[in-house]
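Let me begin by presenting the structure, written as structure tokens, before commenting on it.
Small disclaimer: the values here were computed from a predicted structure and weren't measured.
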Amino acid sequence: MAARLVTNDLLSLVAERFRALGEPVRLQLLHALRQGEQSVGDLVAETGLGQANVSKHLQVLHGLGFVHRRKDGLYVFYILADRSVLKLCDLMCGRIEVQLAAQQRALRP
């Protein structure tokens, strides 16, 4: 595979997406959407967060292309735009689990 030209503009766009993923509530919403399309009300019930808070974070995720949305009457439904973001989350979770296990082994008497 050829090396990709990484410009400062591209790095800025990547950093913007990582900043969005740096918010635990947004990761929680993405994880909830792993199950498939859900309404804002479903996400509120699943996360225990307020409707305004959920909507605010979904707006950010939508603006950056992490989720798609559709309206049906009074309801808005969200779905993952690209499941590869879950691969990124799974990769990081796996790495953290390995590090924690190593730390626990090191601390055992």
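Both V14 and L27 are assigned to one and the same hydrophobic cluster, defined by single-linkage of ILVMFWY side chains at heavy-atom distances under 4.5 Å. Follow the hydrophobic side-chain contacts under 4.5 Å out from L64 and you never reach I79; the two are in separate clusters. Both F66 and F18 are assigned to one and the same hydrophobic cluster, defined by single-linkage of ILVMFWY side chains at heavy-atom distances under 4.5 Å. Linking ILVMFWY side-chain heavy atoms closer than 4.5 Å, directly or via other members, places F77 and L58 in two distinct hydrophobic clusters.
The two atoms that bring V44 and Q51 nearest to each other are CG2-CA, 3.6 Å, heavy atoms only. What you find for E46 and Q38 is that their closest heavy atoms are OE1-OE1, 3.3 Å. Listed here is the closest heavy atom pair of L86 and L30: CD2-O, 3.9 Å. The two atoms that bring Y78 and V67 nearest to each other are CD2-CG2, 3.7 Å, heavy atoms only. Scanning both residues, H57 and V25, for their nearest heavy atoms gives CD2-CG1, 3.3 Å. For A32 against L43, the heavy-atom pair with the smallest separation is CB-CD2, 3.7 Å.
C89 SG to R34 CZ: the interatomic distance, rounded to the nearest 0.5 Å, is 7.5 Å. Once rounded to the nearest 0.5 Å, the distance linking NE2 of H68 with CG of L33 reads 12.0 Å. The CZ atom of R105 sits 11.0 Å away from the CG atom of L107 when rounded to the nearest 0.5 Å. Once rounded to the nearest 0.5 Å, the distance linking NE2 of H62 with OG of S55 reads 12.5 Å.
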Show the numbers, then the answer: is there a side-chain contact (heavy atoms from CB on, under 4.5 Å) between R95 and Q99? CA-CA 6 Å; R95 182 66 192 133; Q99 286 178 313; 3.9 Å; yes

Can you check side-chain contact (heavy atoms from CB on, under 4.5 Å) on Q59 and R69, steps first, answer last? CA-CA 10 Å; Q59 182 66 32; R69 68 178 172 211; 2.9 Å; yes

Apply side-chain contact (heavy atoms from CB on, under 4.5 Å) to residues M92 and L21 and explain how you reach the verdict. CA-CA 12 Å; M92 187 53 63; L21 295 176; over 6 Å; no

Between S39 and D42, does the side chain to side chain donor-acceptor pair (under 3.5 Å) criterion hold? Intermediate values first, please. CA-CA 5 Å; S39 70; D42 293 336; 3.2 Å; yes

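Counting non-hydrogen atoms of neighbouring residues, nucleotides and ligands closer than 6.0 angstrom, the CG atom of L74 reaches no more than 12 such neighbours.
Within the 4.5 Å cutoff, side-chain heavy atoms of L49 are placed close to those of Q28.
A donor-acceptor pair shorter than 3.5 Å can be found between the side chains of S84 and D82.
Judged purely by atom type and a 3.5 angstrom limit, R17 uses its side chain to pair as donor or acceptor with the backbone of L13.
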